[in-house]
K.L.:
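Take a look at the following structure, please.
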Amino acid sequence: MDDLTPNEEKTTSLNFIESIIEKDIQNHKNEGRVQTRFPPEPNGYLHIGHAKSICLNFGLAQRFNGKCNLRFDDTNPVKEDVEYVDSMMEDVRWLGFEWYGDVHYASDYFDQLYAWAEKMIIKGSAYVDDQTSEQIASQKGTPTLAGQASPYRNRTSAENLDLFRRMKNGEFKDGEKILRAKVDMASPNMHMRDPIMYRIIHKEHHRTGNKWCIYPMYDFTHGQSDYLEGITHSVCTLEFEVHRPLYNWYLDQLIDTEYRPQQIEFARLNLSYTVMSKRKLLELVQNKQVNGWDDPRMPTVCGMRRRGYTAEAIRAFADRIGVAKRDNVIDVSLLEFCVREDLNKKADRLMTVLDPVKLVIENYPAGKIEQVSLENNPEDESRGSREMPFGRELFIERSDFMEDAPKKFFRLTVGGEVRLKGAYIIKAEKLVKDANGTITEIHCSYDAESRSGSGTEASQRKVKATIHWVEASHAVPIEVRLYDRLFNNEDPGGQNEDFKNYLNPDSLQVLNGCLAEPAIRDLKTQDRVQFQRQGYFCVDLDSKPEHIIFNRTVTLKDEWAKINAKE
RNA sequence: UGACCCAUGGUGUAAUGGUAGCACUUCUGAUUUUGGUUCAGCCAGUUAAGGUUCGAAUCCUUAUGGGUCAACCA
């Protein structure tokens, strides 16, 4: 596992899971051993909610000198695929974690689980049921009404064993028979009403091929898998709370050791302005409302990676949101804060003009080009500086000029002065407009004595604002993709209407006429930079040298946008 | 009209019977050749009612509110 940055040093206060573990260690439970696991089902892509779980499980192992396994919970061949296995391993590693030993699969334990099932049949705590799923459901009762026993509940062990073996041998079709645990049809906990242990699925499994046509259910698999791997603390989300009695019941039936894994539940992550369920994310992909699982608007790990999020930022986020049992909705602004905090220190600055308007410096010699020096990162002197061409014709951001500016507008107006970052102070003199009245050129004069860093008195002059620019003849055209929140409702999944009704129609904005300084050509795919005064961006996967494409990871905080919005 | 879980500023999370703290957000100000960063500060909280206790966010009771559970999914 990689080192924690200073930011990720744990505080002294413990979350409730850490408190449990600390107590267990003090009591020498399991010889003081700590082993956790991250157990995804390989049926989709990992999202920021999984990232919370990954950081939690691997983080607990780090903190308590334990181990953390990676285990694929692959008990349902109908839903699972190797494609997902590979992407999940990639995502876990990208987040900065390495699992202990080999990757594990629940399917590694199919033989042992089968043997345990036979053991339960022999001792009379499991039976084969011939009924349809509808019949079984109708006997299940309701949370307020006890269930009724299956007519097959009292088959002899011998008969059950024979039938179960024939199930395994492929003598029955899907759904014809199942194996159930004999627990308590009157339990107030629905999961204890003779839960299904094995079902018949004639489907090739991504790892075991056609060896099996019966597959164990989650409940009959998870606790035993934990046990077999020596997991001490089996951390899962709250909806498995009602499964815990069954988790423990199966272990009680099957094992006799003092060692016993303990299931602990925590509240899953919810993020404002997005959805987190695999089903809903899949729907967005299938309906082409996003461009695949790694669309930078998706809360998937691969989507966030493509957008330019760093693993450090995601880990810092996971750390700050904490772990507890109450339902929560984390404000997406915390995530944005974490990525800005990280990128502010790491990302070199670059000048790009997203919505260019031409600026002509009338008293600057035509044809002259001089080089000005700019520091790469004011937060990190070791990043050095670079040269950038300056000349008579430049492009500046259209929004940095206003004809009828309110008093709080600090940028360029006719008769007003601003500094061109790293270069000279200019004063706007007159405008050139087209037939529609749109400004096509801003003509200005410059103060030749004011060059940045020249040390002259004029260079020390204070002006209200400093704006970014690019020299016209050296400008590099780029495409920039701006992303906004995917939904315009804080909790799109929690409304009465379909969550897709709350999709933000402006979540993706593709800008094609953007211009960048020449240094932009040095960047490689996925490199992250700050576009001066605008935000953090990264080179998109689709970018090519002849067609450079950037994704906006997150904007800078923007005081003027706030003031402007209030008008 | 069951069982189980949960309840601290707008959001999230601490305080483990003894001064309700931290972070994000909002807002104010200082610094700034990024309206960024940094720094300083303001506003703002224990769901309610009883009880135990010298003392309760914390323990107990009840109420209220929220969540989970009736897949041959995980």
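Numbers restart at 1 for each chain; the letters A, B, ... are given by sequence-line order, proteins then strands.
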K.L.:
Find the distance between CG (A/Leu238) and CZ (A/Arg326) and round it off to the nearest 0.5 Å.
P.N.:
12.0 Å

K.L.:
Can you list everything that forms a side-chain contact (heavy atoms from CB on, under 4.5 Å) with A/Leu556? Sequence neighbours excluded, please.
P.N.:
A/Gln530, A/Tyr536

K.L.:
Side chain of A/Arg533 only, heavy atoms from C-beta on: which candidate in B/G35, B/U37, B/U16 is closest?
P.N.:
B/G35

K.L.:
Remember a base hit wins even if backbone is also touched, and classify A/Gly535 as base, sugar-phosphate or nothing at under 4.0 Å, heavy atoms.
P.N.:
nothing

K.L.:
From C-beta outward on A/Phe410, which listed nucleotide comes closest to its side chain: B/G35, B/A14, B/G2?
P.N.:
B/G35

K.L.:
Considering every strand and a 4.0 Å limit on heavy-atom distances, what is the contact class for A/Val78: base, sugar-phosphate, or nothing?
P.N.:
nothing

K.L.:
Going 5' to 3' through nucleotides 68-74 of chain B, assign each nucleotide B (protein heavy atom under 4.0 Å from a base atom), S (under 4.0 Å only from sugar-phosphate atoms) or - (no protein heavy atom that close).
P.N.:
SSB-BBB

K.L.:
Considering residues at least two apart in sequence or located in another chain, which fulfil the ring pair (Phe, Tyr, Trp, His ring centres under 6.0 Å) criterion with A/Tyr215?
P.N.:
A/Phe110, A/His205

K.L.:
Nearest-Å distance, CH2 (A/Trp469) to C1' (B/U34)?
P.N.:
14 Å

K.L.:
Which is it for A/Phe317 and A/Phe337 under the ring pair (Phe, Tyr, Trp, His ring centres under 6.0 Å) test, yes or no, and what are the steps along the way?
P.N.:
CA-CA 9 Å; A/Phe317 173 73; A/Phe337 168 83; over 10 Å; no

K.L.:
Tell me, please, which residues at least two apart from A/Phe164 pass ring pair (Phe, Tyr, Trp, His ring centres under 6.0 Å).
P.N.:
A/Tyr114, A/Tyr198

K.L.:
Between the protein and nucleotides 17-25 of chain B, which nitrogen or oxygen pairs come in under 3.5 angstrom?
P.N.:
residue, atom, partner, partner atom, Å
B/A23, O2', A/Arg320, NH1, 2.9

K.L.:
Only counting residues at least two apart or in another chain, list the ones meeting side-chain contact (heavy atoms from CB on, under 4.5 Å) with A/Phe410.
P.N.:
A/Lys464, A/Ala465

K.L.:
Restricting to ring pair (Phe, Tyr, Trp, His ring centres under 6.0 Å), what partner residues turn up for A/Tyr273, sequence neighbours left out?
P.N.:
none

K.L.:
Could you measure between the two C1' atoms, the one in B/G50 and the one in B/A56, and give it in whole Å?
P.N.:
13 Å

K.L.:
Does A/His243 have any side-chain hydrogen bond (donor to acceptor under 3.5 Å, both in side chains) partners at least two apart in sequence or in another chain, and if so, which?
P.N.:
A/Asp219

K.L.:
Side chain of A/Ser452, heavy atoms from C-beta onward: which of B/U34, B/G35, B/U33 has the nearest atom to it?
P.N.:
B/U33

K.L.:
side-chain contact (heavy atoms from CB on, under 4.5 Å) with A/Val418: which of A/Thr466, A/Ile425, A/Leu412?
P.N.:
A/Leu412

K.L.:
Give me the residues of residues 263-273 of chain A where at least one heavy atom lies under 4.0 Å from an atom of RNA chain B, by number, or none.
P.N.:
none

K.L.:
What is the distance from CD of A/Glu517 to P of B/U34, rounded to the nearest Å?
P.N.:
16 Å

K.L.:
Rounded to the Å, how far apart are A/Asp558 CG and B/G36 P?
P.N.:
8 Å

K.L.:
Scan A/Phe409 against the nucleic acid and name what it touches under 4.0 Å (heavy atoms): base, sugar-phosphate only, or nothing.
P.N.:
base

K.L.:
Both conditions, 6.0 Å and 45 degrees, for the charged tip of A/Arg207 above the ring of A/Tyr105: are they met here?
P.N.:
yes

K.L.:
Applying the side chain to side chain donor-acceptor pair (under 3.5 Å) test to A/Ser234, which of A/Thr36, A/Asn57, A/Asp226 qualifies?
P.N.:
A/Asp226

K.L.:
Can you tell me the distance, in whole Å, between the NZ atom of A/Lys464 and the P atom of B/U32?
P.N.:
14 Å

K.L.:
Does the base of B/U34 carry an N or O that pairs as donor and acceptor with the side chain of A/Thr466 under 3.5 Å?
P.N.:
no

K.L.:
Go through the N and O atoms of the side chain of A/Arg326 and the base of B/U13, and report whether any donor-acceptor pair is under 3.5 Å.
P.N.:
no

K.L.:
Pick the closest RNA chain B nucleotide for A/Lys325 and for A/Pro378 by heavy atoms, then say which residue is nearer the 5' end.
P.N.:
A/Lys325

K.L.:
Listed by chain and number, what are the ring pair (Phe, Tyr, Trp, His ring centres under 6.0 Å) partners of A/Tyr84, not counting sequence neighbours?
P.N.:
A/Tyr45

K.L.:
Between A/Phe390 and A/Tyr424 (judged by ring centroids, cut-off 6.0 Å), do the two rings come close enough to count as a pair?
P.N.:
yes

K.L.:
For nucleotides B/A63 and B/A44, find the distance between their P atoms and express it as a whole number of Å.
P.N.:
34 Å

K.L.:
Report yes if a donor N or O on one partner sits less than 3.5 Å from an acceptor N or O on the other, where the partners are the side chain of A/Gln530 and the base of B/U34; otherwise report no.
P.N.:
yes

K.L.:
Does A/Arg193 reach a base, just sugar-phosphate, or nothing at all? Heavy atoms under 4.0 Å.
P.N.:
nothing

K.L.:
Distance between the C1' atoms of B/C24 and B/C59, in whole angstroms?
P.N.:
33 Å

K.L.:
Could you walk me through whether A/Tyr127 and A/Tyr152 pass ring pair (Phe, Tyr, Trp, His ring centres under 6.0 Å), step by step?
P.N.:
CA-CA 8 Å; A/Tyr127 62 97; A/Tyr152 299 96; 8.6 Å; no

K.L.:
When you get a sec, tell me which of B/G35, B/U34, B/G67 is the closest nucleotide to the side chain of A/Trp560?
P.N.:
B/G35

K.L.:
Between B/U33 and A/Arg419, counting only base atoms on the nucleotide and side-chain atoms on the residue, is there a donor-acceptor pair under 3.5 Å?
P.N.:
yes

K.L.:
Which whole-number value in Å describes the distance from A/Asp319 CG to B/A14 C1'?
P.N.:
13 Å

K.L.:
Using a 3.5 Å limit on both distances, find every run of at least three consecutive Watson-Crick or G-U pairs that involves RNA chain B.
P.N.:
B:2-7 with B:64-69, B:10-13 with B:21-24, B:27-30 with B:38-41, B:47-51 with B:59-63

K.L.:
Just how far, in rounded Å, is P of B/U11 from CZ of A/Phe317?
P.N.:
16 Å

K.L.:
Mapping A/Arg244 and A/Ile321 onto RNA chain B by nearest heavy atom, which one lands closer to the 5' end?
P.N.:
A/Arg244

K.L.:
Assign A/Gly453 to base, sugar-phosphate, or nothing according to its heavy-atom contacts below 4.0 angstrom with the strands shown.
P.N.:
base

K.L.:
If you look at every strand shown and take non-hydrogen atoms under 4.0 Å, does A/Lys462 touch a base, only sugar-phosphate, or nothing?
P.N.:
sugar-phosphate

K.L.:
Show your reasoning for whether side-chain hydrogen bond (donor to acceptor under 3.5 Å, both in side chains) applies to A/Asp380 and A/Ser382.
P.N.:
CA-CA 5 Å; A/Asp380 182 0; A/Ser382 73; 2.6 Å; yes

K.L.:
With sugar-phosphate meaning primed atoms plus P, OP1 and OP2, does A/Leu420 contact a base, only sugar-phosphate, or nothing at under 4.0 Å between heavy atoms?
P.N.:
nothing

K.L.:
Take A/Phe531 and A/Phe550 through the ring pair (Phe, Tyr, Trp, His ring centres under 6.0 Å) test and state the conclusion after the steps.
P.N.:
CA-CA 10 Å; A/Phe531 287 176; A/Phe550 279 88; 4.9 Å; yes

K.L.:
Using atom P in both nucleotides, what's the gap between B/A7 and B/C60 to the nearest angstrom?
P.N.:
12 Å

K.L.:
Looking at residues at least two apart in the chain, or sitting in another chain, which of them share a side-chain hydrogen bond (donor to acceptor under 3.5 Å, both in side chains) with A/Tyr218?
P.N.:
none

K.L.:
For the pair made of CD in A/Glu559 and C1' in B/U32, what is the distance, rounded to whole Å?
P.N.:
14 Å

K.L.:
Could you state the atom-to-atom distance from CE of A/Met351 to P of B/G36 in whole Å?
P.N.:
18 Å

K.L.:
Taking atom C1' in both B/U46 and B/A57, what distance in whole Å separates the two?
P.N.:
5 Å

K.L.:
Answer with base, sugar-phosphate or nothing: what part of the nucleic acid does A/Val329 contact at a heavy-atom distance below 4.0 Å?
P.N.:
sugar-phosphate

